[in-house]
Amino acid sequence: MDATPQRAPRPLGLLAELTHRCPLGCPYCSNPLALDPRSDELDTQTWARVFREAAALGVLQVHLSGGEPGARRDLVEITKAAHDAGLYTNLITSAVGISVEILGNLYESGLDHVQISIQDNDPALADKIAGYKGAYARKAALAAEVVRLKLPLTVNAVMHRANIEHVEDMVALALKLGAKRVEIAHVQYYGWALKNRARLMPTREQVARAVTTVETLREKHRGAIVIDAVVPDYYARFPKACVGGWGRRSLNVTPSGKVLPCHAAESIPELTFWNVREHSLADIWDNSPAFMAFRGTDWMQEPCRSCPKAKEDFGGCRCQAFALTGDARATDPVCHLSPRHALVSELAEIREDAAYDYRR
Ligand code: SF4
Ligand code: FES
């Protein structure tokens, strides 16, 4: 057998998790359960180096994210560094913590795109889900300023049991705010959402209605707004090619500098992550054990190993496979061909019917 390692594919996107700090407390937050403290956060110069190394590696786009990136006092300098490195810059924000003045400075520094998360179209429910009074009003105000500056705006609408019936209203809100794109992002069950799964899970009927609604709205608003929507994993027949395949398209840098193949990779205990404080991004991408672990298809077990879809979905999500089976090499149980698929079908039916509690 030829053991010559193949050259790794090149990444296109970098998720820069600038901080885990955030004023909101959404029950499905994608932050890990153990947060990086402020004292461990990378400084401005290190982020600037990371962006230069990312551009040299082939990355085209950086998502400036968190936590809430507005919690970083040097967000404008960081954004300028990403822009100066030649990257397309997308700010992913809750809008709480970004003033009109800061947005203006970000715009002057080369910010290309803004994505604002909105918890619901009803202000009171939105604030309740976010755990922050007045959050909705601040989101609407910042969205107006984004549009006034003629920056492209995406609304990120995270859908779950408490708001899944509001899909049509959320799209109407995105249109009203002047967004060019809305993401109907059903909660997927990692991190905090996994912990709160029984309270967040919609019914199969709710999901089916939401899918039909999205199809109708796409037709109705064609040319006015792009509607992106992905079915919640637990109700799909096949898994998604999570992160476009492990170590193929993107990489995440955590607030303290660890480089992950996906945002939830730290939930897999067997993985070792290299840090940008000790290694270049290219070295990490090509050689770090975490990126090598599930790149390509050699690591696969049956039924993925001999499945014709192996190079399309790469066996699904490694973090989900680990969370549900305890084996990160297992076929994602979302796949109906997985010998453990019954697990997902059972979980999809388990819900807490007690009054919804929005706290983490
Ligand atoms: Fe994808 Fe594996 Fe299912 Fe085939 S068996 S469809 S490769 S997850
Ligand atoms: Fe980690 Fe899917 S979230 S591979």
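Numbering of ligands and ligand atoms starts at 1, following listing order. On a predicted model such as this, the values are computed, not experimentally measured, just so you know.
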Can you pull out the closest protein heavy atom to [atom]? Residue, atom name and distance to 0.1 Å, please.
atom                    : value
atom 4 (Fe) of ligand 1 : Cys307 SG, 2.3 Å
atom 3 (Fe) of ligand 1 : Cys335 SG, 2.3 Å
atom 4 (S) of ligand 2  : Arg318 N, 3.4 Å

Reported CD1-to-CD1 distance for the pair Ile184 and Ile164, which is rounded to 0.5 angstrom: 9.5 Å

Nearest-0.5 Å distance that lies between atom SG in Cys304 and atom CH2 in Trp299: 6.0 Å

I'd like to know if atom 4 (Fe) of ligand 1 has an N/O/S atom from Cys304 within less than 2.8 Å of it, counting both backbone and side-chain atoms. no

Quick check: does Cys319 put an N/O/S atom under 2.8 Å from atom 2 (Fe) of ligand 2? no

Is atom 2 (Fe) of ligand 2 less than 2.8 Å from an N/O/S atom of Cys262, whether that atom is in the backbone or a side chain? no

Are Lys80 and Glu108 ion-paired here, with the side-chain N under 4.0 Å from a carboxylate O? no

Salt-bridge test for Asp228 and Arg218: reply yes if a basic N is under 4.0 Å from a carboxylate O, no otherwise. no

Asp313 touching ligand 1 at heavy-atom level, < 4.0 angstrom: yes

Between Tyr88 and His113, what is the ring plane arrangement, given parallel below 30°, perpendicular above 60°, and tilted in between? tilted

Hey, what's the ring geometry for Phe291 with Trp285, parallel, tilted or perpendicular (30° and 60° as the breaks)? tilted

Looking only at heavy atoms, is any part of Ser338 under 4.0 Å from ligand 1, and if so is it the side chain, the backbone, or both, or is it neither? neither

Location of contacts on Phe238 toward ligand 1, heavy atoms closer than 4.0 Å: side chain

Quick one: does any side-chain atom of His20 pair with a main-chain N or O of Gly67 as donor and acceptor, under 3.5 Å? no

Say whether, by atom type as modelled, one donor and one acceptor occur between the side chain of Arg197 and the main chain of Tyr189 under 3.5 angstrom. no

Just jot down the ligand 2 atoms closer than 4.0 angstrom to any heavy atom of Cys317, in number order. 2 (Fe), 3 (S), 4 (S)

Which of the numbered atoms in ligand 1 are under 4.0 angstrom from any heavy atom belonging to [X]?
X      : answer
Ala310 : 7 (S)
Lys309 : 6 (S), 7 (S)
Thr331 : 2 (Fe), 8 (S)

Would you say Thr19 and Glu68 are linked by a side-chain donor-acceptor pair, where the criterion is simply a distance under 3.5 Å? no

